[in-house]
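The figures that follow rest on heavy atoms only: side chains count, while hydrogens, waters and symmetry mates do not. Ligands are counted one by one from 1 in listed order, and the atoms in each one are counted from 1 as well.
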Amino acid sequence: MIYVTRADRMLIGGELVHARSGEFDESINPATEETIGRVPRGGAEDVDAAIRAAETAWPEWAALTPALRGKSMRAFGEALRARAEEILKVEVADTGNTVTPMRGDVGMAVESLDYYAGLAHEVKGQTIPATYENLHLTVREPYGVVVRIAPFNHPLMFAVARTAAALAAGNAVVVKPPETSPLSAMILAEIAREVLPPGVFNIVTGGGLTVGDALVRHPGVKRIAFIGSPSTGRAIQRAAAEEAVKHVTLELGGKNPLIAFPDTDPQTIADAAVHGMNFAWQGQSCGSTSRLLLHEDIHDRVLELLVEKVKAIRIGDPQDPETGMGPVNSRMQYDKVMSYFEAAKSDGATLMTGARRPEGPLFAKGFWVEPTVYSGVMPGMRIWQEEVFGPILSVGRWKSFEEAVEMANSTEYGLTAAVWSNDINNALRMVRKIRSGHTWVNACSAHYLGVPFGGMKNSGVGREEGIEEMLSYTELKTININLK
Ligand code: NAD
């Protein structure tokens, strides 16, 4: 057995530890189905220890000046950068995502640490002129302990970039990595231990129904931040509400429209549609524009160019910089994608390319599927309505502005939307009508540091990646001072 990393300890209270049970879960490479590492199988006792450690650590952390907290966070970023190549190798082997775009993940984590380190000075309140006789103030205080539960598509990036805001605001964090891609978190544990005060950053690996649920229900936790599927998000809301009043924010799935007007260049739209699908991580991205809504005047030409481009995507070893698409993340993801091929067929969608396992010796094992395009997809079909979280692009056709709006808004999701037009009025009128939290005009896929990201409808609650995220990890305290 060749492990990609020998690191196999969680981080609790500044100590690298195995689970109290002494048990482990193995992690496999989705390209080969080989075991490549192991992580402790955490349980409720480990969760309790991590929460207690965070409870002990946060007051001292919060009492540091913003500048000193920021200094520690930047040191964390530097330490991550020093092991970036090692992390990259492990992350690619453990997720199946291709190496070239994954190179950006450590960079994004470091930039987020740096951004929130600088923003820590902005954790501030207001004076409010309610009465002349009193001085009315607000101050912001950290929740204390913040739990971050992460999905499998960008494990390291989410564990760091999406805890940076909570750290800047003076909280201690407990991270729960995804079951199917947990290995980078074992390296992260070693790094965080070196640079952050004990208990400020904790990692507990294990199952969602065990470790995840115990974290959500723990009486020491009021603030929970989740990235994952809508069904898990709702389970977390339910579990949290059963125990206490908690602040839960949710970044969930999407079935995001890319709407192309007839005044656009077909090649540009075909390129954008492929880019927006994030095939380099097998379409496993919440923000993927997985519904392409083409005006009838450009529909046939865009489809032709698009299919050509998708057929040319090179599937193969995700560690090879030339590879355009790797395997999906797990057996479960593979079965799910395959089930949508069946659904598309029985619903009457027209298959343009893909919908099968690629052939050849490289693909004998592993969770491989071809990038797939369906046309003639209608709002009544499952591949129109449901998030596949895989490499399936559904193409529909529209005639009028109103029809495009109705089609775009016809799912339970509202995460991202991309509108393409050379007429800015058309584009902005469309953006106004669309119920999505993050929209692009003549662009897609990009996230920008400092620009809030999050969903409407069943795509989530709350916004991340900007100052709002940092403030969401604080509670307002009002102070009324009698001046008489
Ligand atoms: P998932 O919901 O299955 O799991 C996410 C995490 O939740 C994992 O760590 C898992 O162990 C944990 N979990 C599972 N059940 C739990 C429970 N009952 N209590 C507490 N924790 C529990 O999601 P996934 O399959 O890992 O990721 C795919 C989903 O994530 C997609 O729906 C995708 O759109 C979404 N996603 C959203 C964003 C965003 O920013 N909006 C980003 C990436 C992924």
Do other residues, nucleotides or ligands put more than 12 heavy atoms under 6.0 Å from the [atom1] atom of [X]?
{"X": "Arg83", "atom1": "CZ", "answer": "yes"}
{"X": "Glu33", "atom1": "CD", "answer": "yes"}
{"X": "Lys89", "atom1": "NZ", "answer": "no"}
{"X": "Lys457", "atom1": "NZ", "answer": "yes"}
{"X": "Met338", "atom1": "CE", "answer": "yes"}
{"X": "Arg234", "atom1": "CZ", "answer": "no"}

Cation-pi between Arg38 and Phe24: NZ/CZ under 6.0 Å from ring centre and within 45° of the ring axis?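 The answer is yes; both the distance and angle limits are met.
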Any cation-pi pair here, Arg382 with Tyr340, using under 6.0 Å and within 45°?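 Yes - Arg382 lies over the ring of Tyr340, closer than 6.0 Å to its centre and within 45° of its axis.
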Residue-level breakdown please: for [X] versus ligand 1, do any non-hydrogen atoms fall below 4.0 Å on the side chain, on the backbone, on both, or on neither?
{"X": "Val211", "answer": "neither"}
{"X": "Leu252", "answer": "backbone"}
{"X": "Thr180", "answer": "neither"}
{"X": "Ser231", "answer": "neither"}
{"X": "Phe152", "answer": "both"}
{"X": "Gln284", "answer": "neither"}

Looking only at protein heavy atoms, identify the closest one to [atom] and say how far it is in Å.
{"atom": "atom 33 (C) of ligand 1", "value": "Phe389 CE1, 3.1 Å"}
{"atom": "atom 12 (C) of ligand 1", "value": "Ile149 CG2, 3.7 Å"}
{"atom": "atom 15 (N) of ligand 1", "value": "Thr232 CG2, 3.3 Å"}
{"atom": "atom 20 (C) of ligand 1", "value": "Gly212 C, 3.3 Å"}
{"atom": "atom 31 (C) of ligand 1", "value": "Glu387 OE1, 3.4 Å"}
{"atom": "atom 35 (C) of ligand 1", "value": "Gly228 O, 3.1 Å"}

For [X], is at least one N or O under 3.5 Å away from an N or O on ligand 1?
{"X": "Gln333", "answer": "no"}
{"X": "Ser229", "answer": "yes"}
{"X": "Asn153", "answer": "no"}
{"X": "Ala150", "answer": "yes"}
{"X": "Ser285", "answer": "no"}

Return a yes/no value: protein heavy atom under 4.0 Å from atom 4 (O) of ligand 1?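 Neighbour list for atom 4 (O) of ligand 1 is empty of protein heavy atoms (cut-off 4.0 Å).
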Just verifying a value: how many Å separate Asn329 CG and Thr180 OG1, rounded to the nearest 0.5 Å?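 It comes to 3.5 Å.
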Rounded to the nearest 0.5 Å, how far does SG of Cys286 lie from CG of Asn153?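 One finds 6.5 Å between CG of Asn153 and SG of Cys286.
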Counting heavy atoms only, which of Gly208, Cys286, Pro151 comes nearest to atom 42 (C) of ligand 1?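 Result: the heavy atom closest to atom 42 (C) of ligand 1 is in Cys286.
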Against heavy atoms of [X], which atoms of ligand 1 measure under 4.0 Å?
{"X": "Leu415", "result": "41 (N)"}
{"X": "Phe158", "result": "42 (C), 43 (C)"}
{"X": "Ile236", "result": "19 (N), 20 (C), 21 (N)"}
{"X": "Glu179", "result": "8 (C), 10 (C), 11 (O)"}
{"X": "Gly253", "result": "32 (O), 34 (O)"}
{"X": "Leu209", "result": "18 (N)"}
{"X": "Ile227", "result": "5 (C), 36 (N), 37 (C), 38 (C), 39 (C), 40 (O), 42 (C), 43 (C), 44 (C)"}
{"X": "Phe453", "result": "40 (O)"}

Do [X] and [Y] have side chains that get closer than 4.5 Å, going by heavy atoms?
{"X": "Ile149", "Y": "Ile227", "answer": "no"}
{"X": "Val90", "Y": "Ile187", "answer": "yes"}
{"X": "Leu156", "Y": "Asp105", "answer": "no"}

Using the rule side chain to side chain contact (heavy atoms under 4.5 Å, CB included), only one of Val307, Val377, Leu306 pairs with Val395; which is it?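 Option passing the side chain to side chain contact (heavy atoms under 4.5 Å, CB included) with Val395: Leu306.
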Salt-bridge contact Arg162-Glu469 (side-chain N to carboxylate O under 4.0 Å):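 Here Arg162 pairs with Glu469 in a salt bridge, since their nearest N and O are under 4.0 Å apart.
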Assess whether a salt bridge exists between Lys222 and Glu475, defined as any Lys/Arg side-chain N lying under 4.0 Å from an Asp/Glu carboxylate O.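 Looking at Glu475 together with Lys222, the answer is yes, because their closest N to O distance falls below 4.0 Å.
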Mark the output for Gly287 as yes if a heavy-atom distance to ligand 1 is under 4.0 Å, and as no if none is.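 No, that is not the case, since the closest heavy atom of the residue is not under 4.0 Å from the ligand.
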Check whether any heavy atom of Gly460 sits under 4.0 Å from an atom of ligand 1.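 The answer is no, since Gly460 has no heavy atom less than 4.0 Å from ligand 1.
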Do Ser288 and Asn278 have a side chain donor and acceptor closer than 3.5 Å?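 Present: a donor and an acceptor within the cut-off.
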